[in-house]
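Scroll down for the structure; my scribbles are underneath it.
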Amino acid sequence: MLKIYNTLTGKKEIFKPIVEGKVGMYVCGNTVYDFCHIGHARAMISFDVISRFIRHLGYDLTYIRNITDVDDKIIKRAEENNESTQALTERMIAAQREDELALGNKMPDREPKATEFMQEIIDMVSILVEKGFAYQGASGDVYYRAAKFKDYGKLNNRKLEDMLAGARIEVEAAKEHPADFVLWKRAKEGEVAWDSPWGKGRPGWHIECSAMSTSCLGSHFDIHGGGPDLKFPHHENEIAQSEAATGKDYVNYWMHCGAVRVNNEKMSKSLGNFFTVRDVLAKFNPEVIRYLMVSSQYRSPIDYSDQSLQEAKVALERLYTALRQQSVADSYEPTEFTERFENAMKDDFNTAVAVSVLFELVRELNKAKTESPAMAPKLAAELRVLADLLGLLGQEPEYFLQNSTISEGLSETAIQTLIDERAQARKDKNFARSDEIRDELARQGIELLDSREGTTWTRH
RNA sequence: GGCCGGAUGGCAGAGUGGUCAUGCAGCGGACUGCAACUCCGUGAACGCCGGUUCGAUUCCGACUCCGGCCUCCA
């Protein structure tokens, strides 16, 4: 039985889909005006792992993740770059896909773009206007009337009155109430725009998700996820729009991953303290990032630093070392490790515990190599299957261990030449020369491992 | 000010009302020409003050500190 922490209730709840055996999940994706940073990577990886496990449990999952390709920041950035918004968003979408494939994610079933759902968005705004939940202000923008929706604030435990006190931003004169937000924004001269009953313009940020999720999954679906900074106002506003428009419950389980921090501060665009996925991929194998994300529970904050990446890398090396030169059986009987792994994952996707099970399995595998060789391939197979649920250990061990740091260094042939020379020296009992070679390679980050079968190496 | 979430061994990070997390680092041992890998063993923790309890790191309350949201941000 799967338990999920629901932001809406603040509790772990037993998961029960609306339609037995089927799950609809909508995750808020990125606004594509810049490269993905590590915070985006976390959200994408978290929900990838969640989707894998939901499927593993046998549910027929439909996983939707949108792309926001109309927005003020996109317009601004495109202007700065002197390119069209479309050229900018297309470039960034391609870059995102590249990053994500490198990180080992499986793609969502569908990635709807806001620009492809204009009619649905306009229709929903029209309904809200008709029902009195929206109005066109003096500025020409259409606003949502927050005070009219009695449950406004239910996701964040907030009351409209309380929010006034803390309002830090100057209220636009055209709004009836400070908490009102834009559904349709009037275009300025030269901006990308679509025709609407309220004049040429573009959708507000929140309405696109209400329209796309409803359009892809229906007006009431199981899971809605996103990053921690989307809880308010984005998801609160989505609830208000959707439930006012349809008169029905919108989403049963709201899920939010934790923040990635740098120096104990949230990594964010506005603080400018972000590292792009590309920055990190220049220094580490992408799986190292994935391991870092998955080694904590998805809701906990993660501290990002070179040191945390380095530690993740060392941990992964241990896992891969166990699979090195190890045959993997085609089939196996699941052991207690599978059960423990699955139980951890069923408890709100506790990947930290699931990963610890992987390490215990590895110890068992390492022991089996000498103590019960017939078991080893089966344990190796089990390890690979479980790790794959987290999107880990999909690479060839040799590849991971010998290329894990992408940097200039000794070529493989140069390394092999030295290893051959050392083998001769050892045969001649010239251990001084042998150690000299090993030390020299160690200085270059190459660690040698002697065994009966010969010498292998790992690049650190 | 309002609303959330934290505080665990040297570091990272789970979890539990009374026996094990796990990884890295440390220490002892096995293996090795010496190492490394691996294995075995081992020390080490639950912010502070009260309360409940036979017993609390785990439950309850106060306090201190930290983070997030309240404005665009995964």
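The basis for the numbers below is simple: all heavy atoms, side chains too, and nothing from hydrogens, waters or symmetry mates. Just so it is clear, the model here is predicted, and its values are computed rather than measured. Protein chains get the first letters and strands the later ones, always in sequence-line order, with residue 1 at the start of each.
Counting only N and O atoms by type, the side chains of A:Gln424 and A:Asp428 include a donor and acceptor under 3.5 Å apart. Checking A:Arg261 against A:Asn264 by side-chain atom types alone, a donor-acceptor pair falls below 3.5 Å.
Across all strands shown, the partner of B:A7 is B:U64, judged by Watson-Crick or G-U wobble contacts whose two distances both fall under 3.5 Å. Pairing partner, B:C59: B:G51, with both Watson-Crick or wobble hydrogen-bond distances short of 3.5 Å. Base pairing annotation: B:C69 forms a Watson-Crick or G-U wobble pair with B:G2, both donor-acceptor distances under 3.5 Å. Pairing of B:C39, defined by two Watson-Crick or G-U wobble distances under 3.5 Å, is identified with B:G29.
For the pair A:Thr85 (side chain) and A:Ile74 (backbone), a donor-acceptor distance under 3.5 Å is absent. Under the 3.5 Å distance criterion, the side-chain polar atoms of A:Thr455 are left unmatched by any main-chain donor or acceptor of A:Asp450. Between the side chain of A:Thr31 and the main chain of A:Asp69, no donor-acceptor pair closer than 3.5 Å is present. With hydrogens and angles ignored, the 3.5 Å screen pairs no side-chain donor or acceptor of A:Arg65 with any backbone N or O of A:Met44.
When the nucleotides B:C37, B:A14, B:A74 are ranked by their closest atom to the side chain of A:Thr321, B:C37 comes out on top.
The environment of CD in A:Glu440 is crowded: more than 12 heavy-atom neighbours from other residues, nucleotides or ligands sit within 6.0 Å. Under a cut-off of 6.0 angstrom, the local environment of CG in A:Asp439 is crowded, with over 12 non-hydrogen atoms contributed by other residues, nucleotides or ligands.
Taking atom P on both B:G61 and B:C3, the two are 15 Å apart, rounded to the nearest angstrom.
Note on A:Lys367: only backbone sugar-phosphate atoms sit closer than 4.0 angstrom, heavy atoms only; bases stay farther off.
For the pair A:Glu265 CD and B:C69 C1', the interatomic distance rounds to 15 Å; values are reported in whole Å.
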Please list, for nucleotides 3-10 of chain B, all pairs of protein and nucleotide N/O atoms separated by less than 3.5 Å.
{"from": "B:C3", "atom 1": "O2'", "to": "A:Asn156", "atom 2": "O", "distance (Å)": "3.1"}

Can you check each nucleotide of nucleotides 19-33 of chain B against protein heavy atoms at under 4.0 Å and return B for base, S for sugar-phosphate only, - for none, in 5' to 3' order? --BSSS--------B
